[in-house]
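Worksheet: one structure, shown below.
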Amino acid sequence: MKAKEQITLVLGSGGARGLAHIGVIKYLEEKKIPIHTIVGSSIGAMVGGLYASGMGTAAMEEIVHTMDKFRMAKILMPGFTASGILDNKRVRKFIRELVGDKRVEKLPIVFRSVATDLITGEEVVIEKGALVDAIIASIAIPALFQPVYHHSRYLVDGGLSNPLPISVARGLSAQTVVAVNVAPDPARMRKLIMRKVNEKKTKQAKALPSWFTTLLMASRNTFADQPKPKSAASVKLLASSALAASSRASQDIYLPSALRVSLQTVLISANNLITLHLKQSAPDAIVAPRIEVYDMFDFHKGTEMIQCGYDAAASAGLEKICM
């Protein structure tokens with residue numbers, strides 16, 4: 001690789017889906033494509049900060065392998081403070097165990113994390129200070145995490161202002177930018193949800209009691225060759241009521257919790273911002289793993305998501321762009 005070809009890796013926000021970033025970096029390692037700078041937002045700042053600090057993908061994979069639901073529950077223990085559900089101290093302790101007291105400005109790989117000023121909504125690029133602060137400020141989802149006080153500002157999730165910070169990379173005079181977008185594609189996400197809803201409806205229909213099926217068929221006059229019930233009107237009324245109950249149940253199949261509604265609003269905002277930013281500042285290459293099947297908190301499925309990231313990088317033709 002020529003010395004002038006400086007590779008900047010931009011890692012976007014997306015909750016647990018961002019573990020796919022590890023797979024992308026693993027692919028770059030195997031192809032001996034060096035990374036000179038990393039810019040990360042939210043989970044991208046977490047993965048990017050670890051790698052920039054000197055932790056290889058093998059070590060990160062080992063951490064992910066041990067991340068079962070029980071361990072995640074311990075880290076994300078509710079604290080129920082006035083400004084957040086989770087106990088930031090536990091999250092901070094977990095990150096500090098991984099990065100120690102390293103500082104952003106002294107990392108072996110140039111690193112920038114992106115957070116959002118809670119008061120002004122401005123994008124805040126952290127380029128110096130404790131690495132643990134740079135990471136936790138960028139992942140602090142509002143209402144879930146407490147805002148992080150950093151350099152006289154209250155900071156929250158970077159995904160609110162710049163979920164795929166290509167513009168930050170360009171501002172660093174990056175010559176070759178590879179962006180990894182782990183925000184789920186809305187169209188694919190809707191198809192996935194509708195498929196799940198239809199599967200659940202089919203399962204419910206098969207589980208219906210025989211009397212319901214009989215009433216339904218009678219109300220539609222499909223039993224023409226069988227004796228009519230004494231009161232067709234009462235049969236139709238019962239069938240209509242049963243159908244209404246079934247309809248209400250089907251509406252609840254994918255009824256999200258209050259927390260999921262809140263997180264989904266963040267995701268909607270992130271997708272809109274990514275679309276806008278890509279029009280204004282396109283990367284030289286973009287890797288978009290197909291991670292819609294995974295949830296924002298599926299950290300225990302990290303091994304699968306790492307493979308998704310690796311496969312997406314392999315099919316993105318990065319060697320031609322970066323070498």
Side-chain angles (χ1 to χ4, degrees), residues 1 5-68 71-72 75 91-113 126-127 130-136 138-139 165 169 174 176-182 285 287 289 291 298-316 318-319 321-323:
M1 179 178 291
E5 294 178 343
Q6 299 290 303
I7 305 298
T8 296
L9 190 60
V10 176
L11 305 178
S13 64
R17 301 179 182 109
L19 295 178
H21 290 317
I22 299 173
V24 176
I25 298 174
K26 180 180 179 180
Y27 181 82
L28 294 174
E29 280 185 335
E30 289 185 2
K31 297 301 178 181
K32 301 189 184 305
I33 300 174
I35 301 168
H36 299 87
T37 305
I38 298 176
V39 180
S41 182
S42 198
I43 187 66
M46 177 77 173
V47 174
L50 293 180
Y51 191 73
S53 73
M55 181 181 291
T57 55
M60 284 192 273
E61 283 188 280
E62 185 60 33
I63 294 170
V64 170
H65 290 332
T66 63
M67 198 61 68
D68 56 20
R71 189 179 183 194
M72 279 307 305
I75 296 171
V91 179
R92 182 180 291 275
K93 179 183 177 183
F94 171 70
I95 297 173
R96 188 177 291 280
E97 288 174 352
L98 300 177
V99 303
D101 296 321
K102 293 179 180 178
R103 297 184 64 81
V104 173
E105 65 270 27
K106 294 184 178 181
L107 298 179
I109 295 176
V110 177
F111 174 68
R112 299 287 185 270
S113 78
I126 302 176
E127 56 185 28
L131 179 57
V132 65
D133 289 336
I135 292 174
I136 198 169
S138 188
I139 66 173
T176 303
V177 176
V178 176
V180 186
N181 182 13
V182 292
V287 181
I291 38 65
D298 280 348
F299 290 96
H300 59 289
K301 297 180 181 178
T303 301
E304 298 172 27
M305 286 182 274
I306 290 173
Q307 188 62 47
C308 285
Y310 184 93
D311 293 342
S315 62
L318 298 180
E319 298 95 321
I321 298 168
C322 300
M323 299 182 72

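Every value quoted in this text rests on a predicted model; they were computed, and no experiment measured them.
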- Task: Any chance you could measure Thr37, atom OG1, to Leu107, atom CG, to the nearest 0.5 Å?
- Result: 11.5 Å
- Should Ile43 and Ile139 count as side-chain neighbours, where that means a heavy-atom distance under 4.5 Å? no
- Note on the structure: For Ile135 and Gly49 the tightest heavy-atom approach is CD1-CA, 4.3 Å
- Within-4.5 Å side-chain heavy-atom neighbours: Asp133 and Arg92: yes
- Message: Just to verify, what does Ser42 make a side chain to side chain donor-acceptor pair (under 3.5 Å) with, not counting sequence neighbours?
- Response: Asp157
- Distance col, row Ile291:CD1 vs Leu19:CG, nearest 0.5 angstrom, shows 11.0 Å
- Task: Applying side-chain contact (heavy atoms from CB on, under 4.5 Å), run through Leu131 and Phe111 and close with a yes or a no.
- Result: CA-CA 9 Å; Leu131 179 57; Phe111 174 68; 3.7 Å; yes
- Note on the structure: By side chain to side chain donor-acceptor pair (under 3.5 Å), Gln307 pairs with (sequence neighbours left out) Asp311
- Does His36 reach the main-chain N or O of Thr8 with its side chain, forming a donor-acceptor pair under 3.5 Å? no
- Query: Can you name the residues that form a salt bridge (Lys or Arg N to Asp or Glu O under 4.0 Å) with Glu304, not counting sequence neighbours?
  - Reply: none
- For Ser138, side chain to side chain contact (heavy atoms under 4.5 Å, CB included) partners two or more places apart: Ala45, Ser113
- Query: What pairs with Thr57 under side chain to side chain donor-acceptor pair (under 3.5 Å), at least two apart in sequence or on another chain?
  - Reply: Glu29
- Message: Please report the interatomic distance CE(Met60) to CE(Met46), rounded to the nearest 0.5 Å.
- Response: 10.0 Å
- So, do Pro289 and Val180 sit near enough that their side-chain heavy atoms are less than 4.5 Å apart? yes
- Message: I'd like to know whether Ile25 forms a side-chain contact (heavy atoms from CB on, under 4.5 Å) with Leu11, so could you lay out the CA-CA distance, the side-chain angles of the two residues, the decisive distance to 0.1 Å, and finally the verdict.
- Response: CA-CA 10 Å; Ile25 298 174; Leu11 305 178; 4.3 Å; yes
- side-chain contact (heavy atoms from CB on, under 4.5 Å) assessment of Tyr51 paired with His21: CA-CA 10 Å; Tyr51 191 73; His21 290 317; over 6 Å; no
- Message: Pair Ile136, Val91 - check side-chain contact (heavy atoms from CB on, under 4.5 Å), show working.
- Response: CA-CA 8 Å; Ile136 198 169; Val91 179; 4.2 Å; yes
- How many angstroms lie between CZ in Phe299 and CD1 in Ile63, if you round to the nearest 0.5 Å? 13.0 Å
- Where at least one partner belongs to residues 18-27, residue pairs that pass salt bridge (charged side-chain N to carboxylate O under 4.0 Å, His left out), sequence neighbours excluded: Lys26-Glu61
- Message: Once salt bridge (Lys or Arg N to Asp or Glu O under 4.0 Å) is applied, do any residues pair with Glu127, and if so which ones, sequence neighbours excluded?
- Response: Arg112
- Query: Is any side-chain N of the basic residue among Arg17 and Asp298 closer than 4.0 Å to the acidic one's carboxylate O?
  - Reply: no
- Task: Considering non-hydrogen atoms only, spot the tightest contact between Val10 and Ala169 and give its length.
- Result: CG2-CB, 3.7 Å
- Query: In Å, rounded to the nearest 0.5 Å, how long is the span from CD1 of Ile35 to CG of Leu28?
  - Reply: 5.0 Å
- Message: On a heavy-atom basis, which atom in Val182 and which in Gly18 lie closest, and how many Å separate them?
- Response: CG2-CA, 3.9 Å
- For Ile22 and Val47, which heavy atoms make the closest approach, and how far apart are they? CG1-CG1, 3.8 Å
- Task: For His300, enumerate each residue passing the side chain to side chain donor-acceptor pair (under 3.5 Å) test, keeping only those at least two apart in sequence or located in another chain.
- Result: none
